[in-house]
Novice: 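This is the structure I want to talk about, given as structure tokens.
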Amino acid sequence: MLHVGGVRTALFNWLFARKNSGTFVLRIEDTDLERSTEESVEQLKRSLRWIGLEWDEGPEIGGPHSPYRQTERLDLYCEAAQKLLDSGAAYYDFATPEELAELREQARAEKRQPIYTSGEYRQMDPEEARGRIEAGEPYTVRFKTPRDGQTVVEDMIRGPVTFENANLEDFVLMKSSGTPTYNFAAVVDDALMEMSHVIRGDDHLSNTPRQILIYKALGYDLPAFAHVPQVLGPDKKKLSKRHGAASVEEFAAQGILPEALFNYLALLGAGYAADEEIFSPEELAERFRIKRVSGNPAVFDQQKLVSINQVYIRRKSLEELAMLAAPMLVESGAASAEELESDMPRLTKIMDLMKERIGRTTDIPDAVGYFYGGELEYDPEEFQKQFGKEFARENLPELAERLAALPEWTEEAIEEAIRGLAAEREKGARHLIHPLRFATTGRTVSAGLFETMQLLGRERSLLRVEKALREMEQLPA
RNA sequence: GGCCCCAUCGUCUAGAGGCCAAGGACAUCGCCCUCUCACGGCGAAAACCCGGGUUCGAACCCCGGUGGGGUCACCA
């Protein structure tokens with residue numbers, strides 16, 4: 001599941017790479033064996049591609065620094081760990097998880113910060129450590145974090161951020177399972193893969209001083225860092241499913257177009273000029289300035305996303321919209337595939353009528369469904385409202401006859417028939433239009449009635465009107 | 001709680017010391033268009049968190065407070 005915060009970060013990386021003619025690299029960080037599954041990796045790649053973020057280097061594509069999955073790079077991490085062990089920058093630690101938990105508990109009780117700097121193992125003689133390892137004792141490799149001094153992160157969007165080394169513990173490099181921790185693997189990979197820029201979520205800012213320490217201990221040059229803020233829900237809490245949708249899949253399922261999500265996410269906190277908002281990925285890249293990205297977390301606004309989505313729906317050609325609508329109509333049961341295929345031009349015209357009224361593609365079946373099928377079921381309460389009026393009861397049968405007698409079933413002819421009768425009875429045409437709309441579409445809102453009826457076709461329109469008339473007869477006087 | 005980041009309309013933002021009695025977009029509310037809805041047009045309401053400095057002058061610089069966020073794992 002690719003969270004919108006994650007996509008936005010990926011998006012910024014992509015924009016930055018495009019803008020600077022760089023390379024956008026995808027690396028799978030799957031060192032957490034329990035959490036990372038084949039399916040989750042596939043889904044991630046699918047989401048990235050759906051929104052239009054193709055990577056230049058990475059899984060499936062390959063590149064000069066293969067492989068791009070951390071679980072396939074284990075040797076590299078072991079090698080680097082050995083280097084740090086040899087130089088004395090790291091040490092073997094035999095503390096058990098239980099002991100560590102207890103230490104933390106103790107620190108908490110004494111209101112101390114739980115900063116682990118194992119005096120016991122930090123100084124242990126390498127020979128002794130080796131002995132215990134050979135004896136089969138589980139161990140981790142920890143970094144020997146300096147006790148004093150400070151580490152400063154030169155962040156591209158925040159400037160220098162200073163951390164006291166004394167606040168950093170001796171963090172784990174290699175877990176007892178033999179796999180590296182995120183902080184360690186990320187550094188080794190970023191260095192080996194020659195990453196020039198690391199643009200990632202805000203939540204990694206506090207990891208960065210540790211990583212910088214590792215870079216230095218390994219003798220690697222530092223990449224440039226940029227930490228982009230999180231995406232929040234309306235309650236200013238981290239955006240999650242309970243805010244409606246939080247992952248790319250969910251937005252897709254809720255009728256959001258990939259280009260709309262792309263555009264919206266790129267705008268969110270990226271510091272673009274505010275005079276215009278609809279941009280193609282290329283335009284976005286052209287204007288992207290990492291230094292202008294806002295340092296403060298942005299609230300995700302579903303309504304604005306939908307409004308941008310609406311713009312992209314309107315920008316689609318009618319043919320594209322028809323292609324989009326067809327499978328949805330089949331799935332909703334509104335129309336059969338054969339029926340649609342036999343007359344795509346008609347669907348195209350229908351989409352022309354409805355495109356201004358659709359905010360999400362998932363609105364399509366409901367907005368368009370009644371253009372297909374025969375007789376309709378009417379909501380009794382609304383039916384009473386529309387057909388219970390005296391004027392309607394007295395004139396609708398006559399109107400139906402005139403419509404049936406129309407030589408040409410065109411928008412103009414239909415309009416003339418309706419307005420003509422209303423004029424003769426000296427009543428506003430709306431007194432006929434509203435019930436007729438309800439009879440022919442089964443709803444109180446639709447596109448213009450005349451064009452709607454023309455597209456509905458004579459046969460279907462009259463069929464529905466006649467049914468409504470029959471039901472009108474049953475209404476109590 | 002410690003450490004770190006951040007702070008302009010409800011939301012996203014423009015603003016990089018005088019051009020700002022703060023501009024745009026979404027949302028909201030009017031009006032117009034009109035057969036309903038939508039689109040479109042016009043208009044309204046709506047913000048520089050607070051307090052100190054610096055300066056001739058501060059939304060913009062500095063300090064403090066407050067508020068929000070992040071992070072404190074053998075998760076990434």
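Residue numbering restarts at 1 for every chain, and letters A, B, ... go by the order of the sequence lines. When reading the values below, keep in mind they use all heavy atoms of this one structure, side chains included, and skip hydrogens, waters and symmetry mates.
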Novice: Measuring only the P atom in each nucleotide, how far is rA25(B) from rC42(B)? A whole number of Å is fine.
Specialist: 10 Å

Novice: Over all strands shown, is A298(A) touching base, sugar-phosphate only, or nothing at heavy-atom distances under 4.0 angstrom?
Specialist: sugar-phosphate

Novice: Please work out if G295(A) contacts a base, only the sugar-phosphate, or nothing of the nucleic acid, heavy-atom cut-off 4.0 Å.
Specialist: sugar-phosphate

Novice: Please classify the nucleic acid contact of L100(A) as base, sugar-phosphate, or nothing, using heavy-atom distances under 4.0 Å.
Specialist: base

Novice: Salt-bridge test for R443(A) and D366(A): reply yes if a basic N is under 4.0 Å from a carboxylate O, no otherwise.
Specialist: yes

Novice: Any donor-acceptor pair under 3.5 Å joining the side chain of E356(A) to the base of rG40(B)?
Specialist: no

Novice: Under a 3.5 Å cut-off for both contacts, is rC48(B) paired Watson-Crick or G-U wobble with anything, and if yes, with which nucleotide?
Specialist: none

Novice: With the side chain of N296(A) defined as its heavy atoms from C-beta on, choose the nearest nucleotide among rA7(B), rA27(B), rG1(B).
Specialist: rA7(B)

Novice: In whole angstrom, give me the gap between the P atoms of rC49(B) and rU8(B).
Specialist: 6 Å

Novice: Report which part of the nucleic acid L449(A) touches: base, sugar-phosphate, or nothing (heavy-atom distance under 4.0 Å, all strands).
Specialist: base

Novice: Any salt bridge linking R402(A) with E398(A)? Criterion: basic side-chain nitrogen under 4.0 Å from a carboxylate oxygen.
Specialist: yes

Novice: With RNA chain B as reference, determine whether D203(A) or Y139(A) sits nearer its 5' end, using the nearest nucleotide of each.
Specialist: D203(A)

Novice: Using the C1' atom as the reference point in each nucleotide, state the distance between rU13(B) and rC50(B) in Å, no decimals.
Specialist: 23 Å

Novice: What distance, rounded to whole Å, do you find between the two P atoms, one in rU71(B) and one in rC20(B)?
Specialist: 41 Å

Novice: Touch check for T31(A), heavy atoms < 4.0 angstrom, all strands: base, sugar-phosphate only, or nothing?
Specialist: sugar-phosphate

Novice: With a 4.0 Å cut-off on heavy atoms, is A95(A) in touch with a base, just the backbone sugar-phosphate, or nothing at all?
Specialist: base

Novice: Please work out if T444(A) contacts a base, only the sugar-phosphate, or nothing of the nucleic acid, heavy-atom cut-off 4.0 Å.
Specialist: base

Novice: Does G269(A) reach a base, just sugar-phosphate, or nothing at all? Heavy atoms under 4.0 Å.
Specialist: sugar-phosphate

Novice: rG1(B), rC26(B), rC39(B): which one has an atom nearest the side-chain heavy atoms of R314(A)?
Specialist: rC39(B)

Novice: How would you label the contact of R443(A) with the nucleic acid (heavy atoms, under 4.0 Å): base, sugar-phosphate, or nothing?
Specialist: nothing

Novice: Counting distance alone, no hydrogens or angles: does the base of rA76(B) have a donor or acceptor under 3.5 Å from a partner atom on the side chain of N207(A)?
Specialist: yes

Novice: Considering only heavy atoms, which members of residues 222-237 of chain A lie under 4.0 Å from some atom of RNA chain B?
Specialist: Q230(A), K236(A), K237(A)

Novice: For rA58(B) and rG18(B), measure between their P atoms and round to the nearest Å.
Specialist: 12 Å

Novice: Which residues pass the ring-ring contact (aromatic ring centres under 6.0 Å, His included) test with F143(A), not counting sequence neighbours?
Specialist: F171(A)

Novice: Report which part of the nucleic acid F163(A) touches: base, sugar-phosphate, or nothing (heavy-atom distance under 4.0 Å, all strands).
Specialist: sugar-phosphate

Novice: Please report the distance separating the C1' of rG15(B) from the corresponding atom of rC19(B), rounded so that it comes out in whole Å.
Specialist: 11 Å

Novice: Over all strands shown, is D155(A) touching base, sugar-phosphate only, or nothing at heavy-atom distances under 4.0 angstrom?
Specialist: nothing

Novice: Give one of base, sugar-phosphate or nothing for A185(A), where a contact means two heavy atoms less than 4.0 Å apart.
Specialist: nothing

Novice: Using the P atom as the point on both nucleotides, what is the distance between rA76(B) and rC39(B), in whole Å?
Specialist: 47 Å

